[in-house]
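One structure below.
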Amino acid sequence: MRLNVFLPFRQKAERGLGRRMLARLGPTWEHAPLRRGIQGACLALFLWLFFYVCWPYTAQPARVWGGWLPLRVDAATGRVFAEAEQAPFEPVPREMVVYVSDLGSGAPQPLGAFRVVDAGGRRLQLQPVEVPKAQRLDRLMTSFGPWSLHEAEPGAWPSHYADELAAKETLAAESFLVLDPLVSLSTALAGRCWVWSLTCAGAVLLGCLVVPRGFCGYVCPLGTLVDLSDWAVGRRVGRLRVGADGWWVRVKYFLLLAVLAASLLGVLLSGFVAAIPVVTRGLAFLLAPLQTATERGWHQVPSPGTGQYLSLALLVFILGLGFLRPRFWCKYACPTGAVFSIGNLLRLTHRRVASSCIRCGRCVEVCPFDAIKPDFTTRATDCTFCQTCGGACPTGAIQFVPRGTRADWKQPGAPPTGNPSTGETTIGRRGFLAAGVGAVAGVGGGLAAASAVGRGPFPDDRETRFPVRPPGSVPERQFLQLCVRCGECYQACPNNVLQPLGFQQGVAGLWTPRVVAEWSGCEPSCNNCGQVCPTGAIRALALEEKRAARMGLAVVNRRTCLPYAGREDCRLCADECTAAGYEAIEFVRVGTQVDQHGNPVEGSGFLAPVVRPCACVGCGLCQTRCYAINAKEKGLLTETAIRIEAGPGKEDRLRAGSYVERYQRRQRRGSHAPGAPGRAADGYLPDFLD
Amino acid sequence: MRRLVWLMVFILLSVSSRLAADVVELTSGSKLTGRVTARDANAVTIEVTFGDRTYSRICPIERIHAVTIDGKREILRATETDSSPSGASTAPQPAGKPGGGPTSGPTRTPAQVEALIEEQGRTAPDWWDSVALEYPRTLDLNWPVPPPRGWDNQRNVGQYVWDVVNPNPRKWRSGVRLMHHLLAVHENHPATQRRVMNELGRMYGGLLEDYARAAFWWRKAEVDRGDAYLGNGVRLAECYWRLGNKQMALDLMSRQRPQFAMIKLWGDMGETDLALRLADANLRGAYGDLAGIYAGDACRVGGRNELALKYYQRVLAVRVPSQQAKARVERNQQRARANIEAIRLFQMLDLSRVPDGAYRGNSPGYAGQVFIEVTVRGGRIESVEVTDHQEKQFYSAINDTTRKIVRTQGVQGIDATTGATMTSEAIINAVAKALGAAME
């Protein structure tokens, strides 16, 4: 059985048009176009997932069409004919289900759900989704409008961001991240728990038994980016080139060892070096701001901090390694690649060279992974099955076959080298030394990071000590063990509520997401961050759960808050909270003046905000508004007067279980505080008045 | 044979009634065919049969284009007048309806109003059982007046209601329950009971808009007899009007001493002249600022914007006294200024008085100022553009609202874009400001 997918070598004279065009693209395209095609498709898919599926701003709130007047209701079918005062800007789509609300008599009255049967211009026909009951039909008949048509049931909690992501996720947005086996291995080890993406890692490792290291050759978007950068930049600078052999060729194993050792100690380092997190975060910090700037305006781009610069430097460094050798990172340094290299030991298929090899050396020349030994046999742990060599071989001696396939294979150590050890760099003394140093450095770094957890450089600063985490984040210690710092949540978060920490929490917190409520508040209709988190550091909560998940508590600064300080009326925070549907901020009148009889003076004093801890989930919308208007726009304050604080007692971080239940418990407790007497209430009309 | 004749007669009758079916033609263009059962200055009631059901539909007169009764067609309003429907719908409409209730809602006879007050006032509201009795443990239920030891809204009932209950709609119902509780507690203290009943009237009427119960409790407190308690007699009159009988309200007010609250209520009821007469008599008094504000509001409700401006201007002209009235006068002047601006910008905007050109304006939105530029040519808004903003959630507001302004050729009656209300409103306000400033 042959598993060849390369195009067999052809003499120049015989090449057809397709061949010639491929040749123009380059030798790797000419010899193994399928591989290059898949690589390109995977990169495109990765970019599509990141820049389209994760991009939240295609979501629109449920639409409302106002100003409809009922013309006629067919009593037999309940079909309604209605007319608008003006033709709507956006036509009501046919077949859509709309909820009709009657605004004719004070408070809006629901008239039920209708399917739009016909719509055009100012006219509209609606068919009830279910046959209306007598009372509803009566109301329908007697209604004079105006009506409003709602895409979502009026009064329902908005869900447009969550719905939009769910609709776009035909393929999970975090697909590539969960395919990176190092991501799930290291997080599972560090968190000492089952991580759901382990199954994906297992699947991809199984797949790579058939296509050994195929992930690196075909799928990995970082690899493809490295290829691109090598082609665009790397190959033009020859001065820095190094040989194919040296101490560096096993760095990837040392890095893998370090990552796994640190994970065992509960410190997650894979975010620094694992392929997919590195490239995802690179895009999140480099191209995502550009996308925001062009699509939504520069004012929407948060200014980058240490974390962003460091991550970008890392990406540039990795791409820059291409000056040394093409795909230097992938071949020698990538610990994710190392996982696959080790997996290759169990491979079911491999590359073999027939004895008809004429030792022309073309294969060595084209191999992008230095996976061909000087005797033209295969370095099994490096070969990515890209099959470029097969296409380049003028005699067809290179074959990709299941292991154990019998044929007239070339023997190892056969000429030209004649050296049975095939000239491979042995691990040797230096290698052992390097491995030791690598492991010790990894573990040491891990320990240092671990000791920095929760101790940060500014232990007095509550904000950095207890960063406000995304809704549904697992308890902090486990969160740091599970968060792989990929940056996917930053892209999925509308308005960049989530932004990366720098070193405020020490190395341990680097690149982890926190809520920057000063910048923007968490959208009530969104649960994206948990949906795209590949490791479960942020739980994938349903929207009902998310809106009950308490990420912090709003705290009013009574010295600066404008009404408390007696400066002026301000109800920004409370209005924002009510509009969002949480209703967690109430008022108390402060500074009431009294006339000579002791009666309060009408209109004196100010209404000041009071946070109801039982209802506040810490979304931060109040803080956004207070800061944006009172501090930034009007300059009345130097900082926000209402702030989201996290920490014990102010947030709920559950590894499992329901936030809704917890929220309801809190509500029940909260409704009886403060100081309700709890005695049986009296009747409406006292007996003596009857 | 006799039965057959009867049947023939019946069929003939029903056919003739079909032939003579009455028709109500609505301004929207649709027709209702049936039998007109009632007609007055406000509405036409028509019975319509669909299938095996007969519905009685009350058509407000302003929605009716024409009625045909017994074959005679009468055109009530030309359909073309509705050329700017959205503008008209939000403008304050004349509220005056002789003998009737408020613009929306039913009209009732005095007997019906009395019955409603008695019936509802004696039964608990439907939310009663779902609301718990809640108040701070520290509250002194004896409710001594005047309260001892200064201001403490966790101890003194009146101050608790003022500071904590009134500002929070969520607490209104439990506040009402607290009052009912106090009523039981003070079974043997008529003076305190009267205070509680007054408070109940104020809460039901002023907070919960439950006018029947408000009237019930105010009548229990006897605010309609003798000297009105804290002006609650006028509030009771308002209840009568809201419940559907204006005459009862007018009668009750005529029995009371003149009070400022009457200016407002007359204004709301459409009795602008009565309101202005009382206001004018007080404009030079110590409470001239208050009288001016109420008079201005009454004019606005009655659609007399020019006159409203004059009253508000007079409030601004009041000299600010140096003592305790200072805060009140300043507050009223602030209100007057805001109202003047609102009238100038929205109700008196006249595009034909805006010279051709491009005008800039700005208004605070969600996260900062929203800047717009509006172009006017030949008395028409040609374009509106958002030139700069800091908004986060603008969805489609930036295009949507600007297009709506161009299409409506004005700033009134434009729905805010869902999910981006503040941005929409900022654009509308900024355009209004730009045009208002440009108006000659």
Side-chain angles (χ1 to χ4, degrees), chain A residues 60-64 66-67 69 71-76 81 83 85-86 89 105-106 138 141-142 144 158 160 299-300 495 520 579 583 586-590 592-595 597-598 600-601 603-604 607 624-625 628-629 632-633 671-672 674-677 679 681-686 688-689, chain B residues 28-30 48 50-51 53 55-57 59-60 63 85-86 104 122-124 128 132-138 145-147 151 153 159 162-164 166-168 170-171 177 180-181 183-184 187 220 324 327-328 331 364 366-369 390 392-393 395-396 400 403-404 407 415 418-419 421:
Chain A
Q60 292 287 329
R63 286 166 290 180
V64 178
L69 299 172
L71 295 181
R72 190 158 70 77
V73 181
D74 184 46
F81 299 80
E83 188 185 62
E85 287 162 353
Q86 293 181 325
F89 268 119
S105 50
D138 278 358
M141 290 289 184
T142 49
F144 257 99
H160 48 283
H299 72 275
Q300 300 268 38
N495 297 321
S520 203
E583 301 194 350
E586 284 186 342
F587 291 111
V588 66
R589 189 169 279 279
V590 294
T592 311
Q593 288 165 13
V594 189
D595 64 14
H597 310 296
V601 176
S604 67
L607 291 183
T624 308
R625 196 102 167 97
I629 299 296
K632 242 174 92 193
E633 169 68 26
S671 69
H672 291 295
R679 52 164 285 187
D682 314 272
Y684 170 80
L685 198 62
F688 60 89
L689 277 178
Chain B
S28 59
S30 69
V48 190
F50 291 107
R53 276 173 198 273
Y55 297 91
S56 192
R57 304 188 76 173
C59 314
R63 285 273 178 75
S86 59
S104 63
R122 291 198 168 271
T123 51
W128 185 262
L133 172 63
E134 271 175 56
Y135 56 89
R137 280 180 206 286
T138 49
V145 170
W151 195 266
N153 61 26
Q159 297 165 2
W162 183 269
D163 277 358
V164 180
N166 288 351
N168 294 307
R170 294 170 42 87
K171 291 194 155 82
R177 289 215 67 159
H180 283 279
H181 177 56
L183 212 50
E187 195 175 340
K220 283 270 178 225
Q324 74 242 71
R328 186 200 74 220
R331 230 179 5 256
Y366 181 84
Q369 296 290 331
Q390 301 290 313
K392 310 247 179 202
Q393 294 286 28
Y395 291 111
S396 54
D400 190 51
R403 278 189 317 183
K404 279 184 186 162
R407 189 165 88 164
D415 310 333
T418 327
T421 324

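In the text below, chain A, chain B and the rest are named by the order of the sequence lines, each starting its count at 1. Every value quoted in this text rests on a predicted model; they were computed, and no experiment measured them.
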Counting heavy-atom pairs under 4.5 angstrom with chain B, the leader among A:Gln60, A:Glu633, A:Arg625 is A:Arg625

For B:Lys392, the salt bridge (Lys or Arg N to Asp or Glu O under 4.0 Å) test, sequence neighbours excluded, returns none

Whatever's closer than 4.5 Å to a heavy atom in chain A on B:Thr421 counts as neither

When the 4.5 angstrom heavy-atom criterion is applied to A:Ala579 and chain B, the contacting part is neither

Okay, A:Val594 and chain B: the region with an atom under 4.5 Å from a heavy atom over there is side chain

I want to check something: taking the side chain as every heavy atom from C-beta on, are A:Val588 and A:Leu607 in contact at a cut-off of under 4.5 Å? no

Whatever's closer than 4.5 Å to a heavy atom in chain A on B:Lys404 counts as both

Applying a strict 4.5 Å limit to non-hydrogen atoms, the region of A:Gln300 in contact with chain B is side chain

Across all chains, not counting sequence neighbours, the side-chain hydrogen bond (donor to acceptor under 3.5 Å, both in side chains) partners of B:Arg403 are none

From the list B:Arg328, B:Arg407, B:Lys220, B:Gln369, the residue making the most non-hydrogen contacts under 4.5 Å with chain A is B:Arg407

Requested in this report: Check whether any side-chain heavy atom of A:Thr592 lies under 4.5 Å from a side-chain heavy atom of B:Trp162, and answer yes or no.
Outcome: yes

So, the part of B:Asn166 with a heavy atom under 4.5 Å from chain A: the answer is neither

Got B:Tyr135 and B:His181 here, is their nearest side-chain heavy-atom distance under 4.5 Å?
yes

Salt-bridge criterion met for B:Glu134 and B:Lys171 (N-O under 4.0 Å): no

Do A:His160 side-chain atoms and A:Ala62 backbone N/O form a donor-acceptor pair below 3.5 Å? no

Checked A:Val64, A:Asn495, A:Thr624, A:Val590 vs chain B; the most non-hydrogen pairs under 4.5 Å come from A:Asn495

